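Report on the following structure.
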There are 2 protein chains.
Amino acid sequence: MARPPAAREKILAAYCAIVSSEGERAATLEATAARAGVSKGGLLYHFKSKDALADGVLDGLRQAAEADLDRMRQSPEGPSRYFVRTSVETGTELDTFFVVVMRLAAGQHPGAAEALAAVHGSWWQLIREEVGDDAVADAIMLLGDGMYHHAAMPGSSAPGSTAGYFRGRLDAVLDQVDELRALARSRTSPDAG
Amino acid sequence: MARPPAAREKILAAYCAIVSSEGERAATLEATAARAGVSKGGLLYHFKSKDALADGVLDGLRQAAEADLDRMRQSPEGPSRYFVRTSVETGTELDTFFVVVMRLAAGQHPGAAEALAAVHGSWWQLIREEVGDDAVADAIMLLGDGMYHHAAMPGSSAPGSTAGYFRGRLDAVLDQVDELRALARSRTSPDAG
DNA sequence: GTCTATAGTAAGATAGAC
DNA sequence: GTCTATCTTACTATAGAC
């Protein structure tokens, strides 16, 4: 909070935009600075090194994930449906950070894999609490991860909208979620109402 | 066929190994040559440029995918179960190529995204033929993709073995596949035996 | 806080010996 | 077919002016 400098935010956003659309390799200091509208020296005033830039993204992911977790918790449709439905949303703040951190993890950036695992673990826990069954929680996570896998797959993402592959299919997948939730209910209370 | 030079294969394997374990950026010509046991010049005799090296991987994926498709087609358990079961296998020839091509696609390598989409489309078609229902074919693919997403997620892969996250959970997911197949049968022939 | 200029390094690729 | 030596380019990072 405390309103960080606007330039810093612009630089971070520029870096994320390049990494997710053209790959980590294309996100050089010069390219990032140019897109943010500053010079190389200007960028390096806010981020001492390229690693510091990547660390800034890790922090961004943690914050965006926390905010998303709150929405997921308070969602009227329940965490499971919320998770699967939002897993195909591309272009959101959380998705942007998530994609970038995945790329960083692929490049062995320290802490990136751990940050991803932490976010994923939080999602699982919320779903597990809702459905009350490990296997069903796993299956629901897999549906969401599978859809995310497509949405994030290079070539299929269309920033700001649901990925083309799943337009019209999301409803069917959400039905599967409902069926899985019902299955979990019948397992945990086979004789209760 | 016609037995390509052994050095060529070693170079391609070295490149794949570095890309998947340390990221595309670490797979420099020098690092690749060193791991393959040749010099930079020796490498460049077999692959004229770095792009040629990447193109070699695309060819490798196409060949490995074709072989896998045959096995999937002839699998006694059926394409669906075969697909989901093998989606967590890391370290196979197909998986190695697939991971590398995903990294190349993330870096906007020409043809990489298309190659992935082609492989994925072939898998879907086989499953669609088996289950006879679009939505169920989608859901099964999602389970497999979701598991693959985990298995391929940096930090969780353990070459040569099933990813740790799903040890013991695969059976539960395969049960979900069976339930989905049954669901498809009840849809396509609601009154037949 | 942002710029230009530049040092230092590492990468991809070529040439020619063996 | 494989090597060493070298050229060229591009990237990270520093220094110091404004």
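Residue numbers begin at 1 in each chain, while the letters A, B, ... track the order of the sequences. Small disclaimer: the values here were computed from a predicted structure and weren't measured.
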**Q.** Strand contacts (DNA chain C) in residues 47-56 of chain A, 4.0 angstrom heavy-atom criterion
**A.**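 The stretch gives none, as no residue of it lies under 4.0 Å from the strand.
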Q.
Expected output is a numbered-order residue list: members of residues 32-43 of chain A with a heavy atom under 4.0 Å from any atom of DNA chain C. What is it?
A.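 Residues of residues 32-43 of chain A that come under 4.0 Å of DNA chain C are, in numerical order, A/Val38, A/Ser39, A/Gly41, A/Gly42.
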Q. Would you call the rings of A/His150 and B/His120 parallel, tilted or perpendicular if under 30° counts as parallel and over 60° as perpendicular?
A.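 Plane angle over 60°, so perpendicular.
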Q. What is the distance, rounded to the nearest whole Å, between atom CG of A/Leu29 and atom P of D/dT12?
A.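 Nearest whole value for this atom pair: 4 Å.
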Q) Going 5' to 3' on DNA chain C, which nucleotide is the first and which the last to come under 4.0 Å of a heavy atom in chain B? A)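 It runs C/dA11 to C/dT14.
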Q.
Would B/Asp95 and B/Glu89 count as a side-chain contact (heavy atoms from CB on, under 4.5 Å) here? Give the steps.
A. CA-CA 7 Å; B/Asp95 171 66; B/Glu89 285 178 4; over 6 Å; no
Q) With nearest nucleotides of DNA chain C determined for A/Arg25 and A/His46 from heavy-atom distances, which residue corresponds to the more 5′ nucleotide? A)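 Closest to the 5' end, via its nearest nucleotide, is A/His46.
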**Q.** Side chain proximity check, B/Asp133 to B/Arg128, heavy atoms < 4.5 angstrom
**A.**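 Result no, sub-4.5 Å side-chain heavy-atom pair not found.
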**Q.** Side-chain heavy atoms of B/Val101 within contact of B/Leu58, under 4.5 Å
**A.**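 The answer is yes; the side chains approach within 4.5 Å.
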Q.
Run the side chain to side chain donor-acceptor pair (under 3.5 Å) test against B/Arg35 and tell me which residues pass, sequence neighbours left out.
A.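 Applying side chain to side chain donor-acceptor pair (under 3.5 Å) to B/Arg35 gives none.
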**Q.** Inter-residue atom distance A/Ser75.OG - A/Asp70.CG, 0.5 Å rounding
**A.**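 Answer for the OG-CG pair, A/Ser75 versus A/Asp70, is 12.5 Å.
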Distance-only check: which donor-acceptor pairs under 3.5 Å involve side-chain atoms of residues 40-57 of chain A, not counting sequence neighbours?
{"residue": "A/Lys40", "atom": "NZ", "partner": "A/Glu30", "partner atom": "OE1", "Å": "3.1"}
{"residue": "A/Ser49", "atom": "OG", "partner": "A/Asp51", "partner atom": "N", "Å": "3.4"}
{"residue": "A/Ser49", "atom": "OG", "partner": "A/Ala52", "partner atom": "N", "Å": "3.3"}
{"residue": "A/Lys50", "atom": "NZ", "partner": "A/Glu24", "partner atom": "OE2", "Å": "3.3"}
{"residue": "A/Lys50", "atom": "NZ", "partner": "A/Ala27", "partner atom": "O", "Å": "3.3"}
{"residue": "A/Asp55", "atom": "OD1", "partner": "A/His109", "partner atom": "NE2", "Å": "3.0"}

Side-chain donor-acceptor pairs under 3.5 Å in residues 78-85 of chain B, sequence neighbours left out?
{"residue": "B/Ser80", "atom": "OG", "partner": "B/Glu130", "partner atom": "OE1", "Å": "2.5"}
{"residue": "B/Arg81", "atom": "NH1", "partner": "B/Asp178", "partner atom": "OD1", "Å": "3.2"}
{"residue": "B/Arg81", "atom": "NH1", "partner": "B/Asp178", "partner atom": "OD2", "Å": "2.6"}
{"residue": "B/Tyr82", "atom": "OH", "partner": "B/Asp68", "partner atom": "OD1", "Å": "2.8"}
{"residue": "B/Tyr82", "atom": "OH", "partner": "B/Arg71", "partner atom": "NE", "Å": "3.4"}
{"residue": "B/Arg85", "atom": "NE", "partner": "B/Glu77", "partner atom": "OE1", "Å": "3.2"}
{"residue": "B/Arg85", "atom": "NE", "partner": "B/Glu77", "partner atom": "OE2", "Å": "3.0"}
{"residue": "B/Arg85", "atom": "NH2", "partner": "B/Glu77", "partner atom": "OE2", "Å": "2.3"}

